[in-house]
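Contents: one structure, followed by commentary.
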Amino acid sequence: MKILVTGAAGYIGGTFAFEALKKGYKVFGLDNFSNSTDFVPSILSRKFKKNWVFTELDLVHHKAETIEFFNQAKPDVVIHFAGLKAVGESEIQPIWYWENNLISSINLLKCMKATGVKKLVFSSSATVYGDAKQQPITETQPTKSLSSYGSTKIAIEQLIYDACKSKNMNAVCLRYFNPVGAHEENIIFESPLGEPNNLMPRIVRVGLGIDKKIKIFGHDYSTSDKTAERDYIHISDLVDGHFAGVQYLAKMSGCHSVNLGTGKPTSVLELINAFQQHNNIEIPFEFCNRRLGDVETCYANPTLAESLLGWRAKYGLDLMCKSAWGAVKKNGL
Ligand code: NAD
Ligand code: UD1
């Protein structure tokens, strides 16, 4: 099978590409390096000379070149990871987010149509549920945007859904909860350009001594330890969910949105404690005010993923914490 991966130099796209190559697939990756470097593509070039083809392309601006790449690749399926993903940044630069995320997706769909590629897996997010009242969250709950980033994910899902109505395309939109940790070989890990906002990379920075303390945003939630709860999912489980999505595409039609989460809520304090325990390292913290736009609890009901895709998360907080730390210790930030 031939797979085309957009955003292939990034955290999740790079990890997926690595695993796909290990499984023996031919992988065509593209990225514009707006939030990555050629670190991952060059590792993959060294390890998988024959089956890895990478090109630097911007899905917004390089339409002709993208069609050319598709014609060269003739992929059976596209996995669309490319996108801007920082919620705070999206509030400051909404038009940039809309242009990058939406136009790149429109161009990708046009390109798929022009070259006869009919199967798509899209990286969506639990952010599409906004501040869902019912927990755990099922896919039938309404979508609601709390940020420009969230608006782009809802809009792209709708775009893909409409494109699939023409019967020329089938798609799975995977709604990720909170991906953390590193791939088993500790080579590819979350290393965003600039300062990270997410909890795990922030904890890692404290472990490395870059920051003195982690700020815990909110100690007044109605959870067991008063800190906010999320559904952290190991990157390898998340990546496996994409292979399950690809298999599902072979037998379904239309467009389906599916949660990828563990179904287990973990509080901020629990994650920090797990990190300390499993890595034998102290992570000083302080309680601060809630972060604007944060929700109290957000975790998946993963039963649709199990029934449709035959997928279920396997890994726990121990591996999430050990691998996040192990990769950074091995490679640096
Ligand atoms: P990432 O930033 O590490 O990877 C995204 C990649 O896309 C980057 O390498 C970036 O350079 C590239 N890119 C962005 N715009 C592009 C364009 N116009 N043309 C070509 N390449 C472009 O992010 P990630 O964590 O790997 O996330 C991958 C996808 O998963 C994103 O769509 C993100 O919104 C979604 N997602 C991520 C999380 C998370 O917590 N990491 C959660 C939910 C959803
Ligand atoms: C955020 C985004 C979400 C996006 C996801 C992946 C918001 C509101 N949501 O999810 O849309 O899909 O990232 O990019 O931004 N925390 C601290 N201290 C920190 C960092 C985080 O206490 O230094 C807390 C947060 O308040 C939250 C939890 O840790 O309660 C998880 O935060 P984070 O990793 O940023 O993920 P989300 O907010 O769930």
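Note that ligands are numbered from 1 as they come in the structure, with each ligand's atoms numbered from 1 the same way.
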Taking distance alone, with no angle check, do S104 and ligand 1 share an N/O pair under 3.5 Å? no
Before you tell me yes or no, could you show the steps for V78 and M112 under side chain to side chain contact (heavy atoms under 4.5 Å, CB included), namely the whole-Å CA-CA distance, both residues' side-chain angles and the distance that decides it to 0.1 Å? CA-CA 9 Å; V78 173; M112 288 175 66; 4.1 Å; yes
For residues F285 and F217, establish whether the separation of their ring centroids is below 6.0 Å. no
Going by the rule salt bridge (Lys or Arg N to Asp or Glu O under 4.0 Å), which residues pair with E91 if we only count those two or more places apart in sequence or in a different chain? none
If I apply the N/O under 3.5 Å rule, does S36 come out as touching ligand 1? yes
Taking only non-hydrogen atoms of S34 and a 4.0 Å limit, the atoms of ligand 1 in range are 10 (C), 11 (O), 13 (N), 14 (C), 15 (N)
From the options Y176, F177, F122, select the one whose nearest heavy atom is closest to atom 36 (N) of ligand 1. Y176
For E139, all residues meeting salt bridge (Lys or Arg N to Asp or Glu O under 4.0 Å), sequence neighbours excluded: none
Between D211 and K213, is there a salt bridge with N-O shorter than 4.0 Å? no
Ligand 2 versus Y176, non-hydrogen atoms closer than 4.0 Å: side chain, backbone, both, neither? neither
Compute the minimum heavy-atom distance from K153 to ligand 1 and say whether it is under 4.0 Å. yes
Going by the order shown, which atoms of ligand 2 are within less than 4.0 Å of some heavy atom of K85? 14 (O)
Taking 4.0 Å as the limit for heavy-atom contacts, which would you say applies to F33 with ligand 1: side chain only, backbone only, both, or neither? backbone
Do any nitrogen or oxygen atoms of F81 come within less than 3.5 Å of a nitrogen or oxygen of ligand 1? yes
Side-chain (K133) to main-chain (D131) donor-acceptor, under 3.5 angstrom: yes
Once you restrict to heavy atoms under 4.0 Å, what part of V87 touches ligand 2? Side chain, backbone, both or neither. side chain
One thing to verify: whether D220 and R290 come together as a salt bridge, which I'm taking to mean a side-chain N less than 4.0 angstrom from a carboxylate O. yes
Non-hydrogen atoms of N178 versus ligand 1: any pair closer than 4.0 Å? no
Any N/O of P179 closer than 3.5 Å to an N/O of ligand 1? no
Does N100, backbone or side chain, put an N or O under 3.5 Å from an N or O of ligand 1? yes
Answer with yes or no after comparing the ring centroid distance for F81 and F16 against a 6.0 Å cut-off, counting only values under it. yes
Using a strict cut-off of 4.0 Å, indicate which atoms of ligand 2 neighbour a heavy atom of A228. 30 (O)
Has ligand 1 got any nitrogen or oxygen that is less than 3.5 angstrom from a nitrogen or oxygen of G7? no
Cationic N near anionic O, under 4.0 Å, D76 to K2: no
Quick one: does F217 get an N or O within less than 3.5 Å of an N or O on ligand 2? yes
Closer than 4.0 Å to some heavy atom of I216 - which atoms of ligand 2 meet that? 22 (O)
Close N or O approach (N178, ligand 2; < 3.5 Å): yes
For ligand 2, does Y232 get within less than 4.0 Å through its side chain, its backbone, both, or neither, judged by non-hydrogen atoms? side chain
Note: ligand 2 atoms sitting under 4.0 Å from heavy atoms of R202 are 23 (O)
For T138 and N301, does a side-chain donor sit closer than 3.5 Å to a side-chain acceptor? no
Ligand 1 to L57, heavy atom cutoff 4.0 Å, flagged ligand atoms 19 (N), 20 (C)
Based purely on interatomic distance, does S124 place a nitrogen or oxygen under 3.5 Å from a nitrogen or oxygen of ligand 1? no
Taking 4.0 angstrom as the limit and counting only heavy atoms of S123, give me the atoms of ligand 1 inside it, by number and element. 29 (C), 30 (O), 32 (O), 35 (C)
Ranking N32, L84, L30 by closest non-hydrogen atom to atom 17 (C) of ligand 1, top hit is N32
Could you say whether the N/O atoms of L199 and ligand 2 ever approach to under 3.5 Å? yes
